[in-house]
> 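Here you go, one structure.
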Amino acid sequence: MNKRIQSMIAMIVILAMSFTTIAATSGKNKVADTNQKPTTTEDEDEDSGVTEEGFEYIVGDNGLTYPAEVADYKDVHPSHPNGTIDGDEAIELLNEIEAEVLSDAVDNYVDAVILYEDYEAMGIEIDDVTWGDYSVGDNEEDLEFYRDIRDRLLTIDVDSLEGQDRLFYDKLLYDVEESIYGSSFTAFAYYESEFNPLTGPQNDLFFILHVISFETVEDAENYIELVKDIDRYFDQICEFEEDKAAYGYALSDDTYEDIAVTFDDLLAQEDDCFLYESFEERLDNIDGLSDEDREQLIEDHEAAMHDVLFPEMQECADRMRDLETGEGEDLGLTQFDGGVAYYAYVVRNLSNSSERDIEDHIAMIEDRLDEITDEYMDILMSGDRSWLTEYSDHEYSVGDTADNLAFLADVVEEDFPELPDHSYNLMDVPEVFEESFSPAAYLGYHLDNYDANLIITNNANVDENFGVTCAHEGYPGHMFQSVYTRSQCEHPYLYLADSVGYVEGWATFVEEYSFKYFGAEGTAADIVMIENELNVLLMARWDIGIHYENWSIEDCADFYSGLFDNLIPVSAEDFRDIYNILLSDPCYAVKYGCGFLGTGDVIETIRNEFPKATDKEIFTAYLDSMPLTFEMIQANMEEILK
C-alpha cells in the first residue's frame, strides 16, 4: 500500500506499493529457526561451517548464523546438467510441483480467502480459520522442502519445455534457489522489524478485513473468528519483536514509539470504525439471512471488535513501548554481522534483476541522476522563467478518482493491450489514516476473477498530479497489469509470486509514460516529470548508501547537494524523516527506483532492437513475458517480437 512522505524538491515521494501476499522467495510465516545451525563436518570449527550448497557461514555471539561473504548470482544459481524427463510426463510433474508450492505458500484461511474467490477449486485445503502462524519456523524443514522442489525440477529436460511452461520453470527454479539461500542463515530473520511503522501488517489489517466477502452465514462466522484470532497472531509478532531485541537487534525508542502510534491510530477507531458498517453491508449478500440471525451476527462481530481486536491493539502498543529501554538503535545493515550479505540478497529479489549486483544498480541510478539533474539545472539556470506560472498552476488530472480512471481506461487503449471485462470498487481512506496514507493505492484480491479490484483514495492528500497517480494505481499501472497478467497466465504461481520490483517497476514506468495523457508538454511539464523521477531515484540511492555503504544522514544530504553543484542549500535535518524510514525498512525504495530503471532498460533495449515495433506491440510483449526477472523478460520479448 502506497505511503508518501512530504519533503523538499516538489515532493520526494515513495510511490505505490501494491498488495502482494506471497513472497517470491519464501512463505510469509516462514522464518529461520534460531535453535538450529546448518550442518557442519567434523573438521569444522564450532563457530563456522558450510551448508549443503557450499555457503560458508559464521555463528555469531548470539548463536545466530550469517554468511561469511556476500554471495553473487552464480553462487546462488549454479549451472545444472539438463534433466531427462520430457513430454507429457514433464508437464505433469511441473503441474504437480506448482500445486505443492502453492499449497505450501497458501497455508492459512486469510491468504486463501483473500487470494481466491473459490480456493477449494484451486486445490487449496484449509483446516483452521486463522491468520496462520508467525513464529520461528523450522528452517531445516523449509530447506528440505525447497531442496526437494529444486531436485525434482532438475530432473526435467528443460529444453523440451515450451511457452509459459518454460517461463514458469525458469522463474520457479530461480525463486527456489533464492529461498534455499535465504533459509540457510538464521540471523536473516532478525535484521528487520515485522511491525515496521510504514509497511507492517498492522497498516493493512483493516483493509484486508474489509475485502473478505460473505456468501453464507458460515463465511460471516469465520470472519468473526478471524477478528478474534488477531489476538493470538499479533501476540506472536510481539514475541518475535521481543526476541529480536533480545538477540541484540533492538530498534531505537523513537521507532518503537512510531510503531506504537500505528496501534494508537487503530485503537482510535474503536467507536467509529468503518468495519462495523462494512460488516453489515456484507451481510446483505447472504441469501435468506433471517433478521434474528443478522442481529446475532452483528452483535457477535461488535463483541469481537470491542472485546478482542481493539484490546489487542492496546496490548501491542504497550508491548512496543515496553521495548523503549534506551538501549536500542536504528542501524544500517552494514552495522550487523552478515548485514551486507543480507542486503545484497534482498536487493537481488526486490530489484527484480537476477544478474545485476549492487554496484551495477548504483551505476545505473547515478548515470540516470546525472542526466536528469543536468537537464534540471540547465532549465533553472537558463534565466527563462516563462514556465513558472504554468508550473505553479499545472493540474494533471480530470477530476476525482472515478473521473480519472474512466478517462484513462479509454485513452490507454491506443498504447496498451486490450483488457478482459472487469470491474473495480472505490474506497475513501478513513480520516484517522489520512496523514500517513498516499493519495491513492491499489489492492488486488480474489485473483481467480477479474472483478476483485479496490482503489483506495485519500481525499485529504490529493495533489495536482492526481491523474498520474491514478495511472500508477489503475490504468495502465497496477490494476491494468494485474488484470491483464491473470487473463494471459497459464501458471497461477507466476502472478501470485511476482516480484515487488516487477509490479512497482511497471507501475512507476507507466506513471511517467502517462503524463502525456494529461497534456503534459513544454518546460513546465519537463520540470514536473524530472522531479517525479528524481524522487524515485534519490530514495533508491540513499537506500543503497545507508545499507550498503554505511551512509550517515549527512552523507545523504551531501549526495543531494552534489547533484545540484551545491546550488540548492540543504541541511541533514531536512532529510530526517526520509532517512529514518529508509533506515528502518531496507530496500523500501530499491523496489521502486531499481524496478523503474530495470523496466525502462528492458523496454528501451527492445525499442532499439525492434525500431519498427509500436509502443502497443512492445508493451504487449512485455506483459506477455509474464512477471519474471528483467533478464528473463528481455529474452522472452526478443522471441515474441522476432
Side-chain angles (χ1 to χ4, degrees), residues 23 25-38 47 57-67 107-108 130-143 179 182-203 205 229-263 312-333 335-339 341-343 345-346 547 583-587:
T25 55
S26 65
K28 76 173 186 178
N29 298 326
K30 302 289 181 67
V31 295
D33 181 4
T34 60
N35 297 315
Q36 299 191 23
K37 299 177 182 178
D47 60 352
Y57 69 85
I58 297 171
V59 182
D61 292 341
N62 56 10
L64 302 179
T65 61
Y66 58 88
D107 63 353
N108 63 80
T130 74
W131 291 78
D133 287 312
Y134 193 95
S135 57
V136 173
D138 185 345
N139 75 315
E140 287 298 331
E141 182 178 328
D142 290 345
L143 283 168
S179 295
S183 299
S184 296
F185 310 102
T186 57
F188 276 14
Y190 291 93
Y191 294 143
E192 297 188 59
S193 168
E194 181 66 13
F195 276 151
N196 184 281
L198 191 63
T199 58
Q202 71 275 24
N203 297 297
L205 175 62
D229 192 52
I230 288 294
D231 184 6
R232 177 197 62 84
Y233 184 59
F234 273 34
D235 277 354
Q236 289 183 341
I237 302 178
C238 285
E239 290 168 7
F240 165 80
E241 296 288 356
E242 290 158 354
D243 290 344
K244 178 179 182 298
Y247 276 115
Y249 303 115
L251 305 172
S252 70
D253 287 1
D254 287 344
T255 298
Y256 283 129
E257 182 60 27
D258 288 343
I259 294 173
V261 168
T262 65
F263 290 104
E312 178 61 18
M313 300 302 99
Q314 181 65 67
E315 180 183 341
C316 288
D318 292 343
R319 291 176 74 169
M320 293 303 99
R321 288 190 169 104
D322 286 344
L323 293 173
E324 297 176 16
T325 62
E327 298 177 0
E329 184 178 3
D330 296 329
L331 299 170
L333 289 176
Q335 300 298 304
F336 300 140
D337 290 335
Y342 173 76
Y343 187 68
Y345 159 67
V346 178
H547 295 289
L583 197 61
S584 68
D585 198 354
C587 273

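Values below: all heavy atoms of this structure, side chains included; hydrogens, waters and symmetry mates excluded.
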> Out of curiosity, Leu331 CG to Leu583 CG, how far, rounded to the nearest 0.5 Å?
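One finds 7.0 Å between CG of Leu331 and CG of Leu583.
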
> How far apart are the C-alpha atoms of Met320 and Cys238, what are their side-chain angles, what is the distance that settles it, and do they pass the side chain to side chain contact (heavy atoms under 4.5 Å, CB included) test?
CA-CA 8 Å; Met320 293 303 99; Cys238 285; 4.2 Å; yes

> Checking Asp585 against Thr199 for the side-chain hydrogen bond (donor to acceptor under 3.5 Å, both in side chains) test, could you report, in this order, the C-alpha distance in whole Å, the side-chain angles of both residues, the deciding distance, and whether it holds?
CA-CA 8 Å; Asp585 198 354; Thr199 58; 3.0 Å; yes

> Would you please classify the geometry between the Tyr191 ring and the Tyr249 ring as parallel, tilted or perpendicular, with 30° and 60° separating the classes?
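Judged by the thresholds at 30° and 60°, the geometry between Tyr249 and Tyr191 is perpendicular.
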
> Roughly how far apart are Asp254 CG and Ser584 OG, rounded to 0.5 Å?
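Reported to 0.5 Å precision, the distance equals 11.5 Å.
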
> Just how far is it from atom CG of Asp337 to atom CG of Leu64, taken to the nearest 0.5 Å?
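Reported value, rounded in 0.5 Å steps: 10.5 Å.
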
> Among Trp131, Phe240, Phe195, Tyr134, which one satisfies ring-ring contact (aromatic ring centres under 6.0 Å, His included) with Phe234?
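Among Trp131, Phe240, Phe195, Tyr134, the one that satisfies the ring-ring contact (aromatic ring centres under 6.0 Å, His included) with Phe234 is Phe195.
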
> Would you indicate whether the side-chain heavy atoms of Leu251 and Ser193 approach each other to under 4.5 Å?
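Heavy-atom side-chain distance check passes, below 4.5 Å.
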
> Which distance, rounded to the nearest 0.5 Å, do you find between the CG of Asp231 and the CD of Glu315?
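Reported value, rounded in 0.5 Å steps: 6.0 Å.
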
> For a side chain to side chain contact (heavy atoms under 4.5 Å, CB included) check, start with the C-alpha distance between Tyr190 and Asp243, then their side-chain angles and the critical distance, and finish with the verdict.
CA-CA 9 Å; Tyr190 291 93; Asp243 290 344; 4.3 Å; yes

> For Tyr342 and Glu192, does a side-chain donor sit closer than 3.5 Å to a side-chain acceptor?
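There is such a pair (donor and acceptor under 3.5 Å, judged by atom type) between the side chains of Tyr342 and Glu192.
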
> Do Asp253 side-chain atoms and Thr325 backbone N/O form a donor-acceptor pair below 3.5 Å?
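Yes; judged by distance alone, with no hydrogens or angles, the pair exists.
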
> If you compare all heavy atoms of Thr65 against all heavy atoms of Ser184, which two are closest, and at what distance to 0.1 Å?
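The answer is OG1-O, 4.1 Å.
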
> How many angstroms lie between CD1 in Ile237 and CG in Asp133, if you round to the nearest 0.5 Å?
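Output value for this atom pair is 11.0 Å.
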
> Should Asp322 and Glu242 count as side-chain neighbours, where that means a heavy-atom distance under 4.5 Å?
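Not in contact.
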
> Test Met313 against Leu205 for side chain to side chain contact (heavy atoms under 4.5 Å, CB included), laying out the working first.
CA-CA 11 Å; Met313 300 302 99; Leu205 175 62; 4.1 Å; yes

> Taking all heavy atoms of Leu323 and all of Ala245, pick out the closest pair and write down the distance.
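For Leu323 and Ala245, the tightest heavy-atom pair comes out as CD2-CB, 4.2 Å.
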
> For a side-chain hydrogen bond (donor to acceptor under 3.5 Å, both in side chains) check, start with the C-alpha distance between Ser252 and Asp330, then their side-chain angles and the critical distance, and finish with the verdict.
CA-CA 5 Å; Ser252 70; Asp330 296 329; 2.7 Å; yes

> Is the closest basic N to carboxylate O distance between Asp229 and Arg232 below 4.0 Å?
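The answer is yes: the pair qualifies as a salt bridge.
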
> Can Tyr233 and Glu312 be said to form a side-chain hydrogen bond (donor to acceptor under 3.5 Å, both in side chains), step by step?
CA-CA 10 Å; Tyr233 184 59; Glu312 178 61 18; over 6 Å; no

> Taking Tyr345 as the fixed residue, which of Phe185, Tyr66, Phe188 is the one that meets the ring-ring contact (aromatic ring centres under 6.0 Å, His included) rule?
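With Tyr345 as partner, ring-ring contact (aromatic ring centres under 6.0 Å, His included) holds for just one option, Phe188.
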
> Can you tell me how far the CZ atom of Arg319 sits from the CD atom of Glu241, to the nearest 0.5 Å?
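Rounded to the nearest 0.5 Å, the CZ-CD separation comes to 10.5 Å.
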
> Is the shortest heavy-atom distance from the side chain of Val261 to the side chain of Glu257 under 4.5 Å?
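Result yes, sub-4.5 Å side-chain heavy-atom pair found.
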
> Specify the closest pair of heavy atoms between Ala250 and Tyr256, including all atoms of both residues, with the distance to one decimal.
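Nearest pair, atom of Ala250 first, then Tyr256: CA-OH, 3.6 Å.
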
> Decide yes or no for Thr262 and Asn203: does some side-chain heavy atom of the first lie under 4.5 Å from some side-chain heavy atom of the second?
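A side-chain contact under 4.5 Å exists here.
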
